[in-house]
2 protein chains.
Amino acid sequence: MNENVFDDPRITAVGLLVEAHAGLTARFTAQYEEHDLSAVEFEVLMRLARSPGNQLRMTDLAAQTSLSTSGVTRVVDRMERDGLLRRRACPSDRRSSYAVVTPAGMQRLDETLPGHLRIIEQWFTGQLEPETLAAMLDGLRRVRDAVHPGATAGSTDQAPTDEPASAC
Amino acid sequence: MNENVFDDPRITAVGLLVEAHAGLTARFTAQYEEHDLSAVEFEVLMRLARSPGNQLRMTDLAAQTSLSTSGVTRVVDRMERDGLLRRRACPSDRRSSYAVVTPAGMQRLDETLPGHLRIIEQWFTGQLEPETLAAMLDGLRRVRDAVHPGATAGSTDQAPTDEPASAC
DNA sequence: TGGCTATAGTTGCTCAGGCAGTCGTTGGGC
DNA sequence: GCCCAACGACTGCCTGAGCAACTATAGCCA
């Protein structure tokens, strides 16, 4: 193994992706904390808020986030305790339950989002000319489609409409 | 707050970055595990292996990774126990100690790297035409430079030569 | 030289999250 | 209608990581 594998363009490419991601994540996290939210809590609020009725079954929520089902149980525990969410029994399947965003939860999200968008603009999209940004997003989209976040469970793109909302 | 903030191009852009990163990370992690390494352990090995003498002071290692100093203490504990690393006293400063890669550690890295490069090629760089890749890396580099991984502590790009190696 | 402050590393405590096992529920096959 | 496999949520246990406190050393300044 050669010493200069470290200068391999593939290593460099991954390094850039990882560092850009880490840097942005750090900025996001700092801003979430101003509104007493963690990154997962923000993700959960976003996922629920964009779902019909501001609710999702626990399992579906897990599938749409970076969490396992037990992880979801616990975040929802905390967020329910803090009044951002509540559980609602599923009338047609007594095994299932919904996580529903409360008005307080929606308000918290509304307070957090403008700053979040501002940070994205400031440190990400606003750093690049429109055509560079477009090229980059094109590349990211193709990588994303290749690695398919279906398994890893994605984050914040528009929901793929080809997945049934598993009506309940 | 409007319903279709969720279709805001800024949200979409971040979503793509996060999902591409998450997908790649998952592939990497799976491959590391084939060689009994975690993601942090691989990162530590890479950082040390590219440093002069295959060693770094604990603090410097923390600064170059995604870990706090106490985190570094514990990873090094585990890796020392597994024979991948060893601690070495710093002759000129008795507070400091080096983490040094052992031959076994170098061998483990050598076994892991080819597969790692293959995965990068397969799911990332190989997915894009050279000019798309170049545009994307250009964008990532500018975002990275903006958010400056100095605070968040970066990952796998070549070490910025403007930082003193804090000779010991 | 003596003392004071800053620094390097480690450790106790805490918390988030995953895995695997459990319990209740469902739906299909007979 | 009964049984059994599959499924949804939850819980016990464990691991990894951060913060803050602590110890030892270093370097500075009077």
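Protein chains get the first letters and strands the later ones, always in sequence-line order, with residue 1 at the start of each. On a predicted model such as this, the values are computed, not experimentally measured, just so you know.
Partner B:L48 forms a side-chain contact (heavy atoms from CB on, under 4.5 Å) with one of B:D60, B:L85, B:V76, B:N54 and no other, that one being B:L85.
Residues A:M136 and A:F124 have side chains in contact (heavy-atom distance under 4.5 Å, counting atoms from C-beta outward).
Rounding to whole angstrom units, CZ of residue A:R57 and P of D:dC10 are separated by 12 Å.
Screening residues 74-87 of chain A for side-chain hydrogen bond (donor to acceptor under 3.5 Å, both in side chains), with sequence neighbours left out, gives A:D77-A:R87, A:E80-A:R87.
Ring geometry for A:H21 against B:H21 counts as parallel: the plane angle stays under 30°, on a 0 to 90° scale with 60° as the upper cut. Ring pair A:H116/A:F42 is tilted by interplanar angle, where 30° to 60° counts as tilted.
Salt bridge status for B:R142 with B:D138: present, with a side-chain N to carboxylate O gap under 4.0 Å.
Going from atom CZ of B:R144 over to atom CG of A:L24 covers 12.5 Å, rounded to the nearest 0.5 Å.
The environment of A:R88 atom CZ is dense: over 12 non-hydrogen atoms of other residues, nucleotides or ligands sit within 6.0 angstrom.
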Contact state string [nucleotides 11-19 of chain D, B base, S sugar-phosphate only, - no protein heavy atom under 4.0 Å]: BBB---SBB
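Reading DNA chain C from its 5' end, the first and the last nucleotide to sit under 4.0 Å from a heavy atom of chain A are C:dA16 to C:dT26.
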